[in-house]
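This report concerns only the one structure given below.
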Number of protein chains: 2
Amino acid sequence: MQVSKSLEYAVRSLVFIAESEKPLGLSEISQTGRMPKAYLAKIMRTLVEGGVVSSVRGRKGGYVLKKVPKDIALYDILSLTEGKEKLIPCINDGKFCYASSFCSQKVVWIKVEKAITDAFKKVTLKDMLPRRAIGKVKNGRAQNYIS
Amino acid sequence: MQVSKSLEYAVRSLVFIAESEKPLGLSEISQTGRMPKAYLAKIMRTLVEGGVVSSVRGRKGGYVLKKVPKDIALYDILSLTEGKEKLIPCINDGKFCYASSFCSQKVVWIKVEKAITDAFKKVTLKDMLPRRAIGKVKNGRAQNYIS
DNA sequence: TAAAATATGGACTTTTTAAGTCCACATTAA
DNA sequence: TTAATGTGGACTTAAAAAGTCCATATTTTA
(Lines give C-alpha, C1' and ligand atoms only; values in the text may rest on other atoms or scores of the structure.)
Protein backbone atom coordinates (compact mmCIF):
# COMPACT_ATOMS: atom_id res chain seq x y z
CA MET A 1 0.00 0.00 0.00
CA GLN A 2 2.25 2.67 -1.25
CA VAL A 3 2.17 5.38 -3.83
CA SER A 4 4.36 4.38 -6.76
CA LYS A 5 7.39 6.24 -7.94
CA SER A 6 5.62 6.54 -11.28
CA LEU A 7 2.98 8.72 -9.72
CA GLU A 8 5.51 10.80 -7.87
CA TYR A 9 7.57 11.27 -11.01
CA ALA A 10 4.51 12.12 -13.05
CA VAL A 11 3.38 14.76 -10.59
CA ARG A 12 6.81 16.23 -10.28
CA SER A 13 7.14 16.44 -14.04
CA LEU A 14 3.76 18.03 -14.46
CA VAL A 15 4.67 20.70 -11.95
CA PHE A 16 7.75 21.56 -13.98
CA ILE A 17 5.77 21.59 -17.18
CA ALA A 18 3.10 23.78 -15.66
CA GLU A 19 5.70 26.29 -14.66
CA SER A 20 7.29 26.44 -18.06
CA GLU A 21 6.29 28.80 -20.82
CA LYS A 22 7.77 26.69 -23.56
CA PRO A 23 7.55 22.98 -24.25
CA LEU A 24 9.73 21.32 -21.69
CA GLY A 25 11.97 18.53 -22.90
CA LEU A 26 12.53 15.16 -21.38
CA SER A 27 16.19 15.82 -20.66
CA GLU A 28 15.48 18.95 -18.72
CA ILE A 29 12.64 17.44 -16.74
CA SER A 30 14.73 14.43 -15.95
CA GLN A 31 17.72 16.46 -14.80
CA THR A 32 15.84 19.05 -12.82
CA GLY A 33 13.74 16.46 -11.11
CA ARG A 34 16.45 13.87 -10.74
CA MET A 35 14.47 11.17 -12.39
CA PRO A 36 15.86 8.55 -14.76
CA LYS A 37 15.28 9.78 -18.27
CA ALA A 38 14.38 6.53 -19.97
CA TYR A 39 11.92 5.65 -17.29
CA LEU A 40 10.43 9.08 -17.35
CA ALA A 41 10.02 8.79 -21.09
CA LYS A 42 7.78 5.85 -20.52
CA ILE A 43 5.74 7.70 -17.97
CA MET A 44 5.36 10.71 -20.22
CA ARG A 45 4.03 8.53 -22.96
CA THR A 46 1.20 7.42 -20.76
CA LEU A 47 0.46 11.02 -19.87
CA VAL A 48 0.32 11.94 -23.54
CA GLU A 49 -1.89 8.99 -24.27
CA GLY A 50 -4.08 9.94 -21.37
CA GLY A 51 -4.59 13.44 -22.66
CA VAL A 52 -2.92 15.20 -19.76
CA VAL A 53 -0.08 16.66 -21.80
CA SER A 54 0.63 17.18 -25.47
CA SER A 55 3.99 16.44 -26.91
CA VAL A 56 5.84 18.58 -29.39
CA ARG A 57 8.19 16.50 -31.44
CA GLY A 58 11.46 17.39 -33.05
CA ARG A 59 14.11 19.80 -31.98
CA LYS A 60 12.93 22.32 -29.42
CA GLY A 61 10.19 19.88 -28.67
CA GLY A 62 8.93 18.75 -25.32
CA TYR A 63 5.72 18.62 -23.38
CA VAL A 64 3.00 21.11 -22.59
CA LEU A 65 -0.07 20.75 -20.45
CA LYS A 66 -3.19 19.93 -22.34
CA LYS A 67 -5.50 21.13 -19.58
CA VAL A 68 -5.23 23.83 -16.97
CA PRO A 69 -3.76 22.65 -13.66
CA LYS A 70 -7.02 22.94 -11.77
CA ASP A 71 -8.57 20.44 -14.15
CA ILE A 72 -5.92 17.82 -13.65
CA ALA A 73 -6.77 15.80 -10.58
CA LEU A 74 -4.23 13.67 -8.84
CA TYR A 75 -6.69 10.90 -9.43
CA ASP A 76 -6.38 11.28 -13.19
CA ILE A 77 -2.65 10.94 -13.00
CA LEU A 78 -2.95 7.99 -10.68
CA SER A 79 -5.32 6.23 -13.03
CA LEU A 80 -2.86 6.63 -15.85
CA THR A 81 0.32 5.69 -14.07
CA GLU A 82 -1.10 2.77 -12.16
CA GLY A 83 -3.22 1.32 -14.88
CA LYS A 84 -6.68 0.18 -14.11
CA GLU A 85 -5.82 -1.85 -11.11
CA LYS A 86 -8.14 -1.39 -8.24
CA LEU A 87 -7.37 -0.67 -4.65
CA ILE A 88 -9.09 -3.57 -3.01
CA PRO A 89 -8.79 -6.91 -4.75
CA CYS A 90 -11.73 -8.54 -3.05
CA ILE A 91 -14.24 -6.03 -4.35
CA ASN A 92 -12.82 -5.72 -7.81
CA ASP A 93 -11.76 -9.16 -8.75
CA GLY A 94 -15.11 -10.87 -9.01
CA LYS A 95 -13.81 -14.39 -9.20
CA PHE A 96 -11.85 -14.01 -6.02
CA CYS A 97 -14.62 -13.28 -3.59
CA TYR A 98 -15.96 -16.67 -2.64
CA ALA A 99 -18.45 -15.04 -0.30
CA SER A 100 -19.97 -12.90 -3.01
CA SER A 101 -22.69 -10.46 -2.17
CA PHE A 102 -23.27 -11.82 1.30
CA CYS A 103 -19.94 -10.73 2.59
CA SER A 104 -20.23 -8.29 5.43
CA GLN A 105 -16.80 -6.88 4.71
CA LYS A 106 -17.41 -5.88 1.16
CA VAL A 107 -19.55 -2.87 1.92
CA VAL A 108 -16.90 -1.55 4.24
CA TRP A 109 -14.11 -2.07 1.75
CA ILE A 110 -16.14 -0.16 -0.78
CA LYS A 111 -16.39 2.76 1.61
CA VAL A 112 -12.69 2.70 2.31
CA GLU A 113 -11.93 2.60 -1.36
CA LYS A 114 -14.21 5.53 -1.99
CA ALA A 115 -12.61 7.58 0.76
CA ILE A 116 -9.22 6.97 -0.77
CA THR A 117 -10.16 7.71 -4.33
CA ASP A 118 -11.95 10.82 -3.14
CA ALA A 119 -8.76 11.98 -1.50
CA PHE A 120 -7.03 11.71 -4.86
CA LYS A 121 -9.90 13.31 -6.70
CA LYS A 122 -10.06 16.45 -4.72
CA VAL A 123 -6.42 17.37 -5.14
CA THR A 124 -5.41 18.92 -8.43
CA LEU A 125 -2.17 19.87 -10.05
CA LYS A 126 -2.94 23.44 -9.12
CA ASP A 127 -2.62 22.50 -5.46
CA MET A 128 0.81 21.11 -6.16
CA LEU A 129 2.20 24.27 -7.70
CA PRO A 130 4.19 26.79 -5.76
CA ARG A 131 1.97 29.77 -4.93
CA ARG A 132 3.81 32.26 -7.02
CA ALA A 133 3.34 30.29 -10.19
CA ILE A 134 -0.38 29.83 -9.95
CA GLY A 135 -1.68 32.87 -11.77
CA LYS A 136 0.72 32.59 -14.67
CA VAL A 137 1.81 35.93 -15.94
CA LYS A 138 0.00 39.22 -16.25
CA ASN A 139 1.55 42.12 -18.13
CA GLY A 140 4.81 40.28 -18.19
CA ARG A 141 4.93 40.23 -14.42
CA ALA A 142 4.33 37.36 -12.12
CA GLN A 143 1.13 37.71 -10.19
CA ASN A 144 1.16 37.72 -6.48
CA TYR A 145 0.20 35.06 -4.03
CA ILE A 146 -3.52 34.80 -4.23
CA SER A 147 -5.03 31.71 -2.78
CA MET B 1 -1.28 1.26 -4.70
CA GLN B 2 -3.23 -1.68 -3.59
CA VAL B 3 -4.35 -3.23 -0.37
CA SER B 4 -2.31 -6.34 0.27
CA LYS B 5 -3.64 -9.81 0.56
CA SER B 6 -2.15 -9.88 4.03
CA LEU B 7 -4.54 -7.20 5.16
CA GLU B 8 -7.48 -8.85 3.52
CA TYR B 9 -6.59 -12.18 5.06
CA ALA B 10 -6.06 -10.61 8.45
CA VAL B 11 -9.41 -8.88 8.40
CA ARG B 12 -11.19 -11.97 7.19
CA SER B 13 -9.60 -14.03 9.92
CA LEU B 14 -10.46 -11.54 12.60
CA VAL B 15 -14.07 -11.57 11.54
CA PHE B 16 -14.14 -15.33 11.98
CA ILE B 17 -12.45 -15.10 15.32
CA ALA B 18 -14.81 -12.38 16.48
CA GLU B 19 -17.74 -14.59 15.69
CA SER B 20 -16.40 -17.56 17.55
CA GLU B 21 -16.90 -18.21 21.22
CA LYS B 22 -13.97 -20.52 21.53
CA PRO B 23 -10.42 -20.17 20.36
CA LEU B 24 -10.48 -20.62 16.63
CA GLY B 25 -7.75 -22.72 15.11
CA LEU B 26 -5.60 -21.96 12.14
CA SER B 27 -6.87 -24.91 10.17
CA GLU B 28 -10.45 -23.86 10.52
CA ILE B 29 -9.77 -20.22 9.72
CA SER B 30 -7.75 -21.21 6.73
CA GLN B 31 -10.36 -23.58 5.39
CA THR B 32 -13.39 -21.44 6.01
CA GLY B 33 -11.74 -18.39 4.56
CA ARG B 34 -9.91 -20.19 1.79
CA MET B 35 -6.57 -18.81 2.74
CA PRO B 36 -3.28 -20.72 2.61
CA LYS B 37 -2.63 -22.06 6.06
CA ALA B 38 1.11 -21.57 6.27
CA TYR B 39 0.86 -18.05 5.06
CA LEU B 40 -1.97 -17.32 7.41
CA ALA B 41 0.11 -18.67 10.26
CA LYS B 42 2.65 -16.00 9.57
CA ILE B 43 0.02 -13.31 9.50
CA MET B 44 -1.50 -14.51 12.75
CA ARG B 45 1.88 -14.29 14.41
CA THR B 46 2.06 -10.63 13.62
CA LEU B 47 -1.42 -10.12 14.97
CA VAL B 48 -0.44 -11.86 18.18
CA GLU B 49 2.70 -9.83 18.43
CA GLY B 50 0.70 -6.69 17.77
CA GLY B 51 -1.68 -7.41 20.60
CA VAL B 52 -4.76 -7.77 18.46
CA VAL B 53 -5.36 -11.42 19.28
CA SER B 54 -4.14 -13.84 21.89
CA SER B 55 -3.17 -17.32 21.01
CA VAL B 56 -4.05 -20.40 22.94
CA ARG B 57 -1.49 -23.06 22.39
CA GLY B 58 -1.82 -26.80 22.42
CA ARG B 59 -4.70 -28.98 21.51
CA LYS B 60 -8.02 -27.16 21.24
CA GLY B 61 -5.97 -24.06 20.90
CA GLY B 62 -6.46 -21.23 18.51
CA TYR B 63 -6.94 -17.51 18.54
CA VAL B 64 -9.20 -15.16 20.44
CA LEU B 65 -9.58 -11.42 20.19
CA LYS B 66 -7.65 -9.47 22.71
CA LYS B 67 -9.79 -6.37 22.34
CA VAL B 68 -13.41 -5.80 21.50
CA PRO B 69 -14.12 -5.36 17.80
CA LYS B 70 -14.94 -1.69 18.09
CA ASP B 71 -11.47 -1.06 19.45
CA ILE B 72 -9.67 -2.72 16.59
CA ALA B 73 -9.31 -0.22 13.78
CA LEU B 74 -8.54 -1.30 10.28
CA TYR B 75 -5.60 1.01 10.61
CA ASP B 76 -4.15 -1.07 13.44
CA ILE B 77 -4.33 -4.18 11.34
CA LEU B 78 -2.84 -2.38 8.39
CA SER B 79 0.06 -1.14 10.47
CA LEU B 80 0.83 -4.67 11.56
CA THR B 81 0.47 -6.45 8.26
CA GLU B 82 2.25 -3.88 6.16
CA GLY B 83 5.03 -3.07 8.53
CA LYS B 84 6.00 0.49 9.10
CA GLU B 85 6.26 1.44 5.51
CA LYS B 86 4.69 4.74 4.70
CA LEU B 87 2.27 5.59 1.97
CA ILE B 88 4.18 8.33 0.23
CA PRO B 89 7.91 7.76 -0.18
CA CYS B 90 8.83 11.38 -0.81
CA ILE B 91 7.52 12.57 2.51
CA ASN B 92 8.80 9.67 4.52
CA ASP B 93 12.12 8.86 3.09
CA GLY B 94 14.08 11.96 4.04
CA LYS B 95 17.08 11.27 1.92
CA PHE B 96 15.03 10.97 -1.19
CA CYS B 97 13.50 14.41 -1.34
CA TYR B 98 16.11 16.55 -3.03
CA ALA B 99 13.83 19.56 -2.80
CA SER B 100 13.49 19.32 0.94
CA SER B 101 11.26 21.81 2.69
CA PHE B 102 10.88 24.02 -0.34
CA CYS B 103 8.90 21.47 -2.24
CA SER B 104 5.40 22.66 -2.99
CA GLN B 105 4.18 19.14 -3.40
CA LYS B 106 5.08 17.88 0.00
CA VAL B 107 2.33 19.61 1.91
CA VAL B 108 -0.24 18.18 -0.47
CA TRP B 109 1.13 14.67 -0.20
CA ILE B 110 0.89 14.97 3.54
CA LYS B 111 -2.77 15.85 3.25
CA VAL B 112 -3.43 12.97 0.93
CA GLU B 113 -1.68 10.60 3.27
CA LYS B 114 -3.69 11.84 6.18
CA ALA B 115 -6.95 11.43 4.33
CA ILE B 116 -6.05 7.86 3.55
CA THR B 117 -4.90 6.89 7.01
CA ASP B 118 -8.00 8.53 8.43
CA ALA B 119 -10.11 6.35 6.22
CA PHE B 120 -8.45 3.32 7.77
CA LYS B 121 -8.68 4.71 11.26
CA LYS B 122 -12.35 5.28 11.31
CA VAL B 123 -13.31 1.77 10.32
CA THR B 124 -13.21 -0.90 12.98
CA LEU B 125 -13.57 -4.62 13.04
CA LYS B 126 -17.06 -4.07 14.38
CA ASP B 127 -18.04 -2.47 11.10
CA MET B 128 -16.84 -5.57 9.32
CA LEU B 129 -19.02 -7.98 11.25
CA PRO B 130 -22.38 -9.14 10.00
CA ARG B 131 -25.09 -7.33 11.89
CA ARG B 132 -26.69 -10.36 13.41
CA ALA B 133 -23.45 -11.69 14.77
CA ILE B 134 -22.42 -8.64 16.66
CA GLY B 135 -24.05 -9.45 19.93
CA LYS B 136 -24.49 -13.14 20.25
CA VAL B 137 -23.29 -16.52 19.21
CA LYS B 138 -25.47 -19.59 18.94
CA ASN B 139 -25.06 -22.97 20.61
CA GLY B 140 -21.36 -22.85 21.21
CA ARG B 141 -20.38 -23.17 17.61
CA ALA B 142 -18.69 -20.61 15.51
CA GLN B 143 -21.13 -19.10 13.14
CA ASN B 144 -20.15 -18.72 9.58
CA TYR B 145 -20.48 -15.16 8.57
CA ILE B 146 -22.07 -16.05 5.29
CA SER B 147 -25.74 -16.63 5.80
C1' DT C 1 19.98 19.05 -47.23
C1' DA C 2 22.49 17.17 -43.39
C1' DA C 3 22.87 17.02 -38.61
C1' DA C 4 21.30 17.49 -34.11
C1' DA C 5 17.81 17.28 -30.79
C1' DT C 6 13.82 15.78 -29.70
C1' DA C 7 9.68 12.24 -28.81
C1' DT C 8 7.82 7.22 -29.73
C1' DG C 9 7.19 2.24 -29.32
C1' DG C 10 8.19 -1.80 -27.64
C1' DA C 11 11.03 -5.37 -25.97
C1' DC C 12 13.92 -6.31 -22.48
C1' DT C 13 16.34 -6.66 -17.71
C1' DT C 14 16.83 -5.83 -12.91
C1' DT C 15 15.26 -4.99 -8.37
C1' DT C 16 12.04 -5.16 -4.85
C1' DT C 17 8.11 -6.77 -2.54
C1' DA C 18 4.39 -9.70 -1.81
C1' DA C 19 2.91 -14.14 -1.32
C1' DG C 20 3.64 -18.51 -0.11
C1' DT C 21 6.19 -22.84 1.74
C1' DC C 22 8.70 -25.77 4.89
C1' DC C 23 10.44 -27.80 8.89
C1' DA C 24 11.93 -28.49 13.46
C1' DC C 25 10.14 -27.25 17.83
C1' DA C 26 7.02 -25.95 21.89
C1' DT C 27 2.65 -26.52 24.22
C1' DT C 28 -1.41 -28.73 26.00
C1' DA C 29 -6.03 -31.44 26.13
C1' DA C 30 -7.52 -35.92 26.15
C1' DT D 1 1.76 -40.61 25.45
C1' DT D 2 -0.07 -38.77 21.48
C1' DA D 3 -2.44 -35.95 18.46
C1' DA D 4 -3.59 -31.38 17.57
C1' DT D 5 -2.40 -27.16 17.98
C1' DG D 6 0.68 -22.51 17.69
C1' DT D 7 5.86 -20.57 17.05
C1' DG D 8 10.03 -19.06 14.74
C1' DG D 9 12.72 -18.52 11.18
C1' DA D 10 14.76 -19.62 6.92
C1' DC D 11 13.63 -20.32 2.50
C1' DT D 12 11.38 -20.16 -2.36
C1' DT D 13 8.38 -18.44 -5.86
C1' DA D 14 5.66 -15.18 -8.24
C1' DA D 15 4.39 -10.74 -9.41
C1' DA D 16 4.96 -6.03 -9.85
C1' DA D 17 7.58 -1.97 -9.95
C1' DA D 18 11.42 0.31 -11.66
C1' DG D 19 14.60 0.93 -14.93
C1' DT D 20 17.19 0.22 -19.58
C1' DC D 21 17.97 -0.06 -24.49
C1' DC D 22 17.57 0.50 -29.24
C1' DA D 23 15.72 1.45 -33.54
C1' DT D 24 12.59 4.88 -35.56
C1' DA D 25 9.99 9.16 -36.56
C1' DT D 26 9.76 14.16 -36.40
C1' DT D 27 11.27 18.84 -36.55
C1' DT D 28 14.53 22.75 -36.18
C1' DT D 29 18.47 25.00 -37.71
C1' DA D 30 23.17 25.40 -39.35
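Note that these values count all heavy atoms, side chains included, but never hydrogens, waters or copies made by symmetry. To find a chain, count down the sequence lines: A is the first, B the second, and so on, and within it residues start at 1.
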Open item on the list: On DNA chain D, does the nearest nucleotide to Arg57(B) precede the nearest nucleotide to Ala41(A) from the 5' side, or the other way round? Give the residue.
Closed with: Arg57(B)

Task: Spacing between Glu8(B) atom CD and dA18(C) atom C1', to the nearest angstrom - done: 13 Å

Open item on the list: I need the CG-C1' distance between Leu40(B) and dT7(D), as an integer number of Å.
Closed with: 14 Å

Task: Donor-acceptor pair present, Lys42(A) side chain and dG19(D) base, under 3.5 Å - done: yes

Open item on the list: Go nucleotide by nucleotide along DNA chain C from the 5' end; which of Ser27(A) and Gln2(A) gets its closest nucleotide reached first?
Closed with: Ser27(A)

Open item on the list: Strictly below 4.0 Å: does Tyr9(B) bring a side-chain N or O up to OP1 or OP2 of dG20(C)?
Closed with: yes

TODO: Specify the separation, in whole Å, of atom OH of Tyr39(B) and atom P of dC23(C).
DONE: 20 Å

- [ ] Could you check how far NZ of Lys5(A) sits from P of dT20(D), rounded to whole Å?
- [x] 12 Å

Open item on the list: By the 4.0 Å heavy-atom rule, please label Gly61(A) as base, sugar-phosphate, or nothing.
Closed with: sugar-phosphate

TODO: Using side chain to side chain contact (heavy atoms under 4.5 Å, CB included) as the criterion, list what pairs up with Ala119(B), not counting sequence neighbours.
DONE: Ala115(A)

TODO: Starting from P on dA4(D), measure out to CD on Gln31(B) and report it in whole angstrom.
DONE: 13 Å

- [ ] Look at the side chain of Ala38(A) and decide which nucleotide, out of dT20(D), dT8(C), dT21(C), has an atom nearest to it.
- [x] dT20(D)

TODO: Take atom CG of Leu47(A) and atom C1' of dA7(C), then tell me their distance rounded to the nearest Å.
DONE: 14 Å

Task: Distance below 4.0 Å between Ser4(B) side-chain N/O and dT17(C) OP1 or OP2 - done: no

Open item on the list: Looking at Lys122(A), I want to see if its NZ is surrounded by more than 12 non-hydrogen atoms of other residues, nucleotides or ligands under 6.0 Å.
Closed with: no

Open item on the list: Rounded to whole Å, please give me the gap between CG in Leu24(A) and P in dT6(C).
Closed with: 11 Å

Open item on the list: Using side chain to side chain donor-acceptor pair (under 3.5 Å), reason through Ser6(A) and Tyr39(A) one step at a time and then give a plain yes or no.
Closed with: CA-CA 9 Å; Ser6(A) 297; Tyr39(A) 187 48; 2.8 Å; yes

- [ ] Round to a whole Å and report the spacing from CD1 of Ile43(B) to P of dG8(D).
- [x] 16 Å

- [ ] Report yes if a donor N or O on one partner sits less than 3.5 Å from an acceptor N or O on the other, where the partners are the side chain of Arg59(B) and the base of dA30(C); otherwise report no.
- [x] no

Open item on the list: Any N or O donor-acceptor pair under 3.5 Å from the base of dG6(D) to the side chain of Arg45(B)?
Closed with: no

TODO: Of all the heavy-atom pairs spanning Leu74(B) and Phe120(B), show the shortest one and how long it is.
DONE: CB-O, 3.3 Å

TODO: Could you check which of dA7(C), dA19(C), dG19(D) has an atom nearest any side-chain atom of Tyr63(A)?
DONE: dA7(C)

Open item on the list: Is Ser6(B) close enough to dA19(C) that one of its side-chain N or O atoms is under 4.0 Å from OP1 or OP2 there?
Closed with: yes

Open item on the list: Counting only heavy atoms from other residues, nucleotides and ligands, does the tally under 6.0 Å from NZ of Lys60(A) exceed 12?
Closed with: no

Open item on the list: Pick the closest DNA chain D nucleotide for Glu82(A) and for Lys37(B) by heavy atoms, then say which residue is nearer the 5' end.
Closed with: Lys37(B)

